[in-house]
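Let me begin by presenting the structure, written as C-alpha coordinates, before commenting on it.
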Amino acid sequence: KPIKYFIIGQRLDTLILDTASDNIGQDRVQTLYERNAPTLLEAYEVTINAVQKAQPQAKVIIMGQVPKLKEEPAHCDQRKNTPINHLFDLEYACDPYGIDTRMNPEVIIPFNNELESLASRYDHVEFFDPHEIFEIGKEDEWGKYYRDDDHINPDGSNYVETFFDFDKK
(Lines give C-alpha, C1' and ligand atoms only; values in the text may rest on other atoms or scores of the structure.)
Protein backbone atom coordinates (compact mmCIF):
# COMPACT_ATOMS: atom_id res chain seq x y z
CA LYS A 1 0.00 0.00 0.00
CA PRO A 2 1.44 3.40 -0.91
CA ILE A 3 2.33 5.69 1.97
CA LYS A 4 1.52 9.41 2.01
CA TYR A 5 3.93 10.59 4.67
CA PHE A 6 7.25 9.36 5.99
CA ILE A 7 8.24 11.19 9.17
CA ILE A 8 11.81 11.21 10.46
CA GLY A 9 12.23 12.29 14.07
CA GLN A 10 15.32 11.69 16.18
CA ARG A 11 16.86 13.01 19.36
CA LEU A 12 19.80 14.79 17.82
CA ASP A 13 22.01 15.87 20.71
CA THR A 14 22.68 12.33 21.92
CA LEU A 15 23.34 11.03 18.40
CA ILE A 16 25.73 13.86 17.62
CA LEU A 17 27.57 13.78 20.94
CA ASP A 18 27.64 9.98 21.39
CA THR A 19 26.48 10.43 24.98
CA ALA A 20 23.91 12.20 27.09
CA SER A 21 24.59 15.92 26.82
CA ASP A 22 24.94 16.39 30.56
CA ASN A 23 27.85 13.91 30.60
CA ILE A 24 30.18 15.92 28.40
CA GLY A 25 32.56 18.77 28.98
CA GLN A 26 32.20 22.08 27.21
CA ASP A 27 35.45 21.63 25.27
CA ARG A 28 34.24 18.41 23.62
CA VAL A 29 30.90 19.64 22.31
CA GLN A 30 32.26 21.42 19.23
CA THR A 31 34.75 18.63 18.42
CA LEU A 32 32.06 15.95 18.54
CA TYR A 33 29.60 18.09 16.60
CA GLU A 34 32.11 18.63 13.81
CA ARG A 35 32.95 14.92 13.75
CA ASN A 36 29.47 13.40 13.95
CA ALA A 37 27.00 15.89 12.45
CA PRO A 38 28.08 15.30 8.82
CA THR A 39 27.60 11.53 9.20
CA LEU A 40 24.16 11.97 10.71
CA LEU A 41 23.21 14.43 7.98
CA GLU A 42 24.35 11.90 5.39
CA ALA A 43 22.14 9.24 7.03
CA TYR A 44 19.15 11.57 6.64
CA GLU A 45 19.98 12.02 2.96
CA VAL A 46 20.29 8.25 2.41
CA THR A 47 16.89 7.79 4.07
CA ILE A 48 15.28 10.51 1.95
CA ASN A 49 16.62 8.95 -1.26
CA ALA A 50 15.54 5.45 -0.21
CA VAL A 51 12.00 6.66 0.51
CA GLN A 52 11.86 8.52 -2.80
CA LYS A 53 12.98 5.39 -4.66
CA ALA A 54 10.59 3.01 -2.86
CA GLN A 55 7.60 5.34 -2.45
CA PRO A 56 7.95 8.21 -4.97
CA GLN A 57 4.53 9.63 -4.05
CA ALA A 58 5.43 9.91 -0.35
CA LYS A 59 6.15 13.24 1.28
CA VAL A 60 9.04 13.13 3.74
CA ILE A 61 8.74 15.27 6.86
CA ILE A 62 11.88 15.85 8.91
CA MET A 63 11.13 16.76 12.49
CA GLY A 64 13.72 18.98 14.13
CA GLN A 65 14.53 18.35 17.77
CA VAL A 66 12.46 20.21 20.33
CA PRO A 67 14.36 22.59 22.61
CA LYS A 68 16.08 20.81 25.49
CA LEU A 69 15.20 21.81 29.02
CA LYS A 70 17.87 22.15 31.71
CA GLU A 71 16.23 19.50 33.88
CA GLU A 72 13.20 17.28 33.96
CA PRO A 73 10.08 19.04 35.27
CA ALA A 74 9.08 15.88 37.17
CA HIS A 75 12.30 16.05 39.20
CA CYS A 76 11.30 19.48 40.47
CA ASP A 77 7.99 18.08 41.67
CA GLN A 78 9.78 15.18 43.33
CA ARG A 79 12.13 17.52 45.19
CA LYS A 80 9.22 19.66 46.39
CA ASN A 81 7.49 16.58 47.75
CA THR A 82 10.50 14.90 49.36
CA PRO A 83 9.78 14.77 53.11
CA ILE A 84 13.40 15.22 54.18
CA ASN A 85 13.55 18.58 52.40
CA HIS A 86 10.68 19.79 54.57
CA LEU A 87 11.88 18.06 57.72
CA PHE A 88 15.25 19.82 57.64
CA ASP A 89 13.94 22.93 55.88
CA LEU A 90 16.41 22.33 53.04
CA GLU A 91 16.55 24.71 50.13
CA TYR A 92 15.93 23.14 46.78
CA ALA A 93 16.33 25.30 43.73
CA CYS A 94 14.55 23.98 40.72
CA ASP A 95 13.49 25.76 37.58
CA PRO A 96 11.20 23.21 35.94
CA TYR A 97 11.12 24.95 32.59
CA GLY A 98 14.60 26.43 32.35
CA ILE A 99 16.23 25.99 28.96
CA ASP A 100 19.52 24.14 28.42
CA THR A 101 21.68 27.09 27.40
CA ARG A 102 24.47 24.91 26.04
CA MET A 103 22.82 22.17 23.98
CA ASN A 104 20.24 24.38 22.28
CA PRO A 105 22.61 26.98 20.75
CA GLU A 106 25.59 24.68 20.21
CA VAL A 107 23.99 21.46 18.95
CA ILE A 108 20.23 21.44 18.46
CA ILE A 109 19.62 24.75 16.68
CA PRO A 110 22.64 24.45 14.33
CA PHE A 111 21.71 20.90 13.36
CA ASN A 112 18.04 21.80 12.93
CA ASN A 113 19.27 24.52 10.54
CA GLU A 114 21.30 21.95 8.60
CA LEU A 115 18.25 19.68 8.37
CA GLU A 116 16.16 22.57 7.09
CA SER A 117 18.78 23.27 4.42
CA LEU A 118 18.81 19.60 3.44
CA ALA A 119 15.02 19.52 3.15
CA SER A 120 15.03 22.60 0.92
CA ARG A 121 17.02 20.70 -1.72
CA TYR A 122 14.15 18.25 -2.33
CA ASP A 123 10.66 18.92 -3.66
CA HIS A 124 9.07 16.11 -1.65
CA VAL A 125 10.72 16.93 1.71
CA GLU A 126 9.60 19.40 4.36
CA PHE A 127 11.30 20.41 7.58
CA PHE A 128 9.25 21.01 10.70
CA ASP A 129 11.02 23.35 13.12
CA PRO A 130 9.65 22.83 16.62
CA HIS A 131 11.40 26.00 17.81
CA GLU A 132 8.65 27.93 16.04
CA ILE A 133 6.05 26.55 18.46
CA PHE A 134 8.34 25.93 21.45
CA GLU A 135 9.79 29.42 21.41
CA ILE A 136 12.83 29.94 23.59
CA GLY A 137 12.04 32.50 26.26
CA LYS A 138 8.48 31.26 26.65
CA GLU A 139 9.19 27.95 28.42
CA ASP A 140 6.61 28.68 31.11
CA GLU A 141 3.94 28.50 28.39
CA TRP A 142 5.00 25.25 26.75
CA GLY A 143 6.98 23.40 29.43
CA LYS A 144 3.84 21.57 30.52
CA TYR A 145 4.03 19.66 27.22
CA TYR A 146 7.27 17.93 28.25
CA ARG A 147 7.58 14.47 29.77
CA ASP A 148 11.23 15.00 30.66
CA ASP A 149 14.00 17.34 29.55
CA ASP A 150 13.82 16.54 25.84
CA HIS A 151 10.68 14.49 25.11
CA ILE A 152 7.19 15.82 24.77
CA ASN A 153 4.29 14.09 26.52
CA PRO A 154 0.97 13.00 24.93
CA ASP A 155 -0.47 16.51 25.43
CA GLY A 156 2.63 17.86 23.69
CA SER A 157 2.07 15.50 20.76
CA ASN A 158 -1.52 16.70 20.47
CA TYR A 159 -0.30 20.30 20.62
CA VAL A 160 2.29 19.72 17.86
CA GLU A 161 -0.27 17.91 15.72
CA THR A 162 -2.33 21.10 15.45
CA PHE A 163 0.51 22.68 13.44
CA PHE A 164 0.36 20.05 10.70
CA ASP A 165 -1.90 20.40 7.72
CA PHE A 166 -2.44 16.92 6.33
CA ASP A 167 -5.06 14.27 6.00
CA LYS A 168 -4.67 11.83 8.91
CA LYS A 169 -6.50 8.95 7.19
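Just so it is clear, the structure is predicted and the values come from calculations on it, not from any experiment. Residues: numbered from 1 along the sequence shown. Computation of the quantities below employed the complete heavy-atom set of this structure, encompassing side-chain atoms and omitting hydrogens, waters and symmetry-equivalent molecules.
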* To do: Please test I109 against I136 for side chain to side chain contact (heavy atoms under 4.5 Å, CB included), starting from the C-alpha separation and ending with a verdict.
  => CA-CA 11 Å; I109 292 172; I136 293 187; 4.2 Å; yes
* Structure fact -> Those residues at least two apart in sequence (or on a different chain) that pass ring pair (Phe, Tyr, Trp, His ring centres under 6.0 Å) with Y145 are Y159
* **Under the ring pair (Phe, Tyr, Trp, His ring centres under 6.0 Å) test, residues paired with F128 that sit two or more places apart** => F164
So [Y] and [X], do their side chains get closer than 4.5 Å, heavy atoms only?
{"X": "V29", "Y": "M103", "answer": "yes"}
{"X": "V160", "Y": "I133", "answer": "yes"}
{"X": "K59", "Y": "E126", "answer": "yes"}
{"X": "F163", "Y": "E132", "answer": "no"}
{"X": "L40", "Y": "F111", "answer": "yes"}
{"X": "I8", "Y": "M63", "answer": "no"}

Please list, chain by chain and in numerical order, all residues satisfying side-chain hydrogen bond (donor to acceptor under 3.5 Å, both in side chains) with [X], sequence neighbours excluded.
{"X": "E139", "result": "none"}
{"X": "E45", "result": "R121, Y122"}
{"X": "Q55", "result": "Q57"}
{"X": "E106", "result": "Q26"}

[atom1] of [X] to [atom2] of [Y]: how many Å apart, nearest 0.5 Å?
{"X": "I108", "Y": "L115", "atom1": "CD1", "atom2": "CG", "result": "12.0 Å"}
{"X": "K138", "Y": "D140", "atom1": "NZ", "atom2": "CG", "result": "11.5 Å"}
{"X": "T39", "Y": "Y44", "atom1": "OG1", "atom2": "OH", "result": "13.5 Å"}
{"X": "F6", "Y": "I62", "atom1": "CZ", "atom2": "CD1", "result": "10.5 Å"}

Minimum-distance pair of heavy atoms, taken over all atoms of [X] and [Y]:
{"X": "Y33", "Y": "V107", "value": "CE1-O, 3.7 Å"}
{"X": "P130", "Y": "G64", "value": "CG-O, 3.2 Å"}
{"X": "P67", "Y": "I99", "value": "CB-CD1, 3.7 Å"}

* Would a hydrophobic clustering, with Ile, Leu, Val, Met, Phe, Trp and Tyr connected at side-chain separations under 4.5 Å, put I3 with V46? -> no
* Which is it for I48 and L118 under the side chain to side chain contact (heavy atoms under 4.5 Å, CB included) test, yes or no, and what are the steps along the way? -> CA-CA 10 Å; I48 290 167; L118 174 66; 3.9 Å; yes
Hey, does the side chain of [X] reach the backbone of [Y] with a donor-acceptor pair shorter than 3.5 angstrom?
{"X": "N153", "Y": "K144", "answer": "yes"}
{"X": "N112", "Y": "Q65", "answer": "yes"}
{"X": "W142", "Y": "E135", "answer": "yes"}

* Show the numbers, then the answer: is there a salt bridge (charged side-chain N to carboxylate O under 4.0 Å, His left out) between D150 and K68? => CA-CA 5 Å; D150 61 359; K68 187 174 184 310; 5.3 Å; no
* **Single hit among N113, N104, V66 for side-chain contact (heavy atoms from CB on, under 4.5 Å) with H131** => N104
